[in-house]
Protein chains: 2
Amino acid sequence: MLRVSKLTDYATVVLTHIAHQPNELHAASDITQATGVALPTVSKVLKLLSKANILTSHRGSKGGYLLASKPKDTNVAEVITAIEGPIGITECTTDHSACEQESSCEIKGNWNLINRAVYAALEAVTLADLVLPVVEQAVSISMPVKMETNDLKAES
Amino acid sequence: MLRVSKLTDYATVVLTHIAHQPNELHAASDITQATGVALPTVSKVLKLLSKANILTSHRGSKGGYLLASKPKDTNVAEVITAIEGPIGITECTTDHSACEQESSCEIKGNWNLINRAVYAALEAVTLADLVLPVVEQAVSISMPVKMETNDLKAES
DNA sequence: CTATATAGTACTAAAATAGTCCTATATAGA
DNA sequence: TCTATATAGGACTATTTTAGTACTATATAG
């Protein structure tokens, strides 16, 4: 299905909320109220994001989380990496020792190329794009050059 | 982790093997021997691929599987879709009714854009590319336009 | 008619993921 | 200095997904 985990999905929701007021502290409980995502889940996501330096944390009373950089300086690839670890579509790209049939496997190099394209696509989208209304984004995000020749089958 | 299932990985291995001799019938047992992938797994993959019309099947003695199109006319996006269903990175792009927080979710349109970029990247790679030696591919596969500005962090 | 090979489906075991809970630590303000 | 509040970190559990197996039906070459 080539999908991102739910936790990452929540991370984008949380970050989008924070990016709307990039200069304010946001406590986990506030974010829960605003987004409807369960508190323990929000909390987990926030911890992961601050560990990856996408957010900075402030403990204690009146503490909370703050964007570490400007919205346009944080991209989706970083967010996914923060939540799920290094991005690689197949397992052998992230864990080289795990594949038992290396000798008969000519695919590795090819998948690497695909990974790069996917990574670049994800890197092109920033938090600032996620905050924008949907319509305006189309121009601000780069598309693979072959794009115009194909329609999306998945859309129905 | 943004990854593709093992079954899809096997599918590319199997298809790469078949694409080397695109005009011959390949029985499941032959493919097992050549690739080292377990027979039941190969069998499962082959069935899914023929159901999706990527392969044509021939039953009975001396039967086997054959590529339905030329290697360059089958792309990776089709293979992934055959094995795992419609490609969509987040769940709400494939299952619109499942999201309970639609009202507070502004992300959907944005993820759709990302999905398109990813899909296009996958669509640009064909079986013919997978058969080529790794070096030659670089020129034959289109890359997103912003690609050159960024390096891959996942590579280490 | 028989050996061989795919078609289809149901099932089981293992792994990954989501989500919860508890304890420790830091800070603001009284 | 004490207390309320908020994050840090880690361990744990339930659920879901995925991988892999097994069995029966059907088609075809010779």
Side-chain angles (χ1 to χ4, degrees), chain A residues 1-11 13-14 18 24-33 35-66 68 80 82-85 88 90-91 94-95 98-101, chain B residues 1-11 13-14 18 24-33 36-66 68 80 82-85 90-91 94-95 98-101:
Chain A
M1 179 80 88
L2 184 72
R3 68 169 205 297
V4 146
S5 75
K6 273 190 186 173
L7 219 54
T8 304
D9 212 354
Y10 293 147
V13 172
V14 166
I18 294 178
E24 289 180 27
L25 272 171
H26 298 264
S29 54
D30 297 342
I31 296 172
T32 295
Q33 284 199 316
T35 61
V37 181
L39 179 58
T41 306
V42 167
S43 178
K44 191 173 189 177
V45 164
L46 290 168
K47 286 174 199 169
L48 287 167
L49 291 174
S50 81
K51 200 169 187 179
N53 295 318
I54 291 172
L55 297 175
T56 55
S57 63
H58 296 267
R59 287 190 177 190
S61 153
K62 304 218 170 172
Y65 293 89
L66 195 66
I80 296 177
I83 306 291
E84 311 186 23
T90 55
E91 283 181 35
T94 48
D95 183 358
C99 180
E100 313 89 28
Q101 49 219 32
Chain B
M1 178 81 88
L2 185 72
R3 68 171 205 297
V4 146
S5 75
K6 274 190 185 171
L7 219 54
T8 303
D9 212 354
Y10 292 146
V13 172
V14 166
I18 294 177
E24 288 179 28
L25 272 172
H26 299 264
S29 55
D30 297 343
I31 296 172
T32 295
Q33 285 200 315
V37 180
L39 178 58
T41 305
V42 168
S43 178
K44 191 175 189 175
V45 165
L46 290 169
K47 285 175 200 169
L48 287 168
L49 291 174
S50 80
K51 199 170 186 177
N53 296 316
I54 290 172
L55 297 175
T56 54
S57 64
H58 295 267
R59 287 190 176 190
S61 154
K62 305 218 170 171
Y65 293 88
L66 196 65
I80 295 177
I83 305 293
E84 312 187 22
T90 55
E91 284 183 33
T94 48
D95 183 358
C99 181
E100 312 89 26
Q101 50 218 34

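Given the structure is predicted, the values throughout are model-derived calculations rather than measurements. Each chain gets a letter, A, B and so on, in the order its sequence line appears, and its residues count up from 1.
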Asks: In whole angstroms, how far is the P atom of C:dG8 from the CG atom of B:Leu49?
Replies: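 From B:Leu49 CG to C:dG8 P: 13 Å.
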Asks: Let me know which of B:Val42, B:Val14, B:Ile18 forms a side chain to side chain contact (heavy atoms under 4.5 Å, CB included) with B:His26.
Replies: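 Testing each of B:Val42, B:Val14, B:Ile18 against B:His26, the sole residue satisfying side chain to side chain contact (heavy atoms under 4.5 Å, CB included) is B:Ile18.
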Asks: Got B:Leu46 and B:Ser43 here, is their nearest side-chain heavy-atom distance under 4.5 Å?
Replies: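 The answer is no, as the side chains (C-beta and beyond) never meet within the 4.5 Å cut-off.
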Asks: Under 4.0 Å, heavy atom to any atom of DNA chain D: which of residues 50-63 of chain B qualify?
Replies: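 Under 4.0 Å from DNA chain D: B:Arg59, B:Gly60, B:Ser61, B:Lys62.
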Asks: Report the nucleotide, chosen from C:dT6, C:dT20, D:dA19, that has the shortest atom-to-atom distance to any side-chain atom of B:Tyr65.
Replies: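 Nearest to the side chain of B:Tyr65 among the choices is C:dT6.
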Asks: So, is B:Ser5 close to the D:dA19 phosphate, meaning a side-chain N or O under 4.0 Å from OP1 or OP2?
Replies: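 It does, given that an N or O in the side chain of B:Ser5 lies less than 4.0 Å from OP1 or OP2 of D:dA19.
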Asks: Starting at CG of A:Leu48 and ending at P of C:dT17, how long is that distance when rounded to a whole Å?
Replies: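 Interatomic distance, CG of A:Leu48 to P of C:dT17: 13 Å.
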Asks: Taking CG from A:Leu46 and C1' from D:dG9, how many angstroms apart are they, rounded to a whole number?
Replies: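 In whole Å, D:dG9 C1' lies 14 Å from A:Leu46 CG.
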Asks: Distance-only check: which donor-acceptor pairs under 3.5 Å involve side-chain atoms of residues 53-62 of chain B, not counting sequence neighbours?
Replies:
{"from": "B:Thr56", "atom 1": "OG1", "to": "B:Leu66", "atom 2": "O", "distance (Å)": "3.4"}

Asks: What integer distance in Å separates A:Ile83:CD1 from C:dA16:P?
Replies: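 After rounding, the gap between these two atoms is 19 Å.
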Asks: Do you know which two heavy atoms are closest between A:Leu49 and A:Ala82, and how far apart they sit?
Replies: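 Scanning both residues completely, I find the closest heavy atoms to be CD2-CB, 4.1 Å.
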Asks: For a quick test of reading the model, state the closest non-hydrogen atom pair linking A:Ala27 to A:Gly63 and the distance between them.
Replies: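 Closest approach of A:Ala27 to A:Gly63: CB-O, 4.2 Å.
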Asks: Taking the side chain of A:Lys47 as its heavy atoms from C-beta onward, which of D:dA6, D:dG9, C:dG19 lies nearest to it?
Replies: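 The listed nucleotide nearest to A:Lys47's side chain is D:dG9.
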Asks: Answer yes or no: is there a side-chain heavy-atom contact under 4.5 Å between A:Leu7 and A:Leu48?
Replies: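 In contact.
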Asks: Whole Å only: how far is the CG atom of B:Leu7 from the P atom of D:dG20?
Replies: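 After rounding, the gap between these two atoms is 7 Å.
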Asks: Figure out the CD1/P separation between A:Ile80 and C:dT17, and round it to whole Å.
Replies: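 A:Ile80 atom CD1 is separated from C:dT17 atom P by 14 Å.
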Asks: Tell me the interatomic distance from B:Leu39, atom CG, to C:dA5, atom P, rounded to whole angstroms.
Replies: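 Taking atom P of C:dA5 as the reference, CG of B:Leu39 is at 11 Å.
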Asks: What integer distance in Å separates B:Lys44:NZ from C:dT9:P?
Replies: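 My rounded result for the distance is 13 Å.
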Asks: Taking atom CG of A:Asp9 and atom CD1 of A:Ile83, what is their separation to the nearest 0.5 Å?
Replies: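 Between A:Asp9 CG and A:Ile83 CD1, I get 11.0 Å after rounding to 0.5 Å.
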Asks: Taking only the side-chain nitrogens and oxygens of B:Tyr10, find out if one of them lies under 4.0 Å from OP1 or OP2 of D:dT18.
Replies: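 No, outside the criterion.
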Asks: How far apart are the closest heavy atoms of A:Thr32 and A:Val37, and which atoms are they?
Replies: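 The answer is CG2-O, 3.2 Å.
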Asks: At what distance, to the nearest 0.5 angstrom, does OH of B:Tyr65 lie from OG of B:Ser50?
Replies: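 Going from OH on B:Tyr65 over to OG on B:Ser50, the span is 5.0 Å.
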Asks: Is DNA chain D part of any stem, that is, at least 3 consecutive Watson-Crick or G-U pairs with both distances under 3.5 Å, and where?
Replies: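 Stem list for DNA chain D: C:1-30 with D:1-30.
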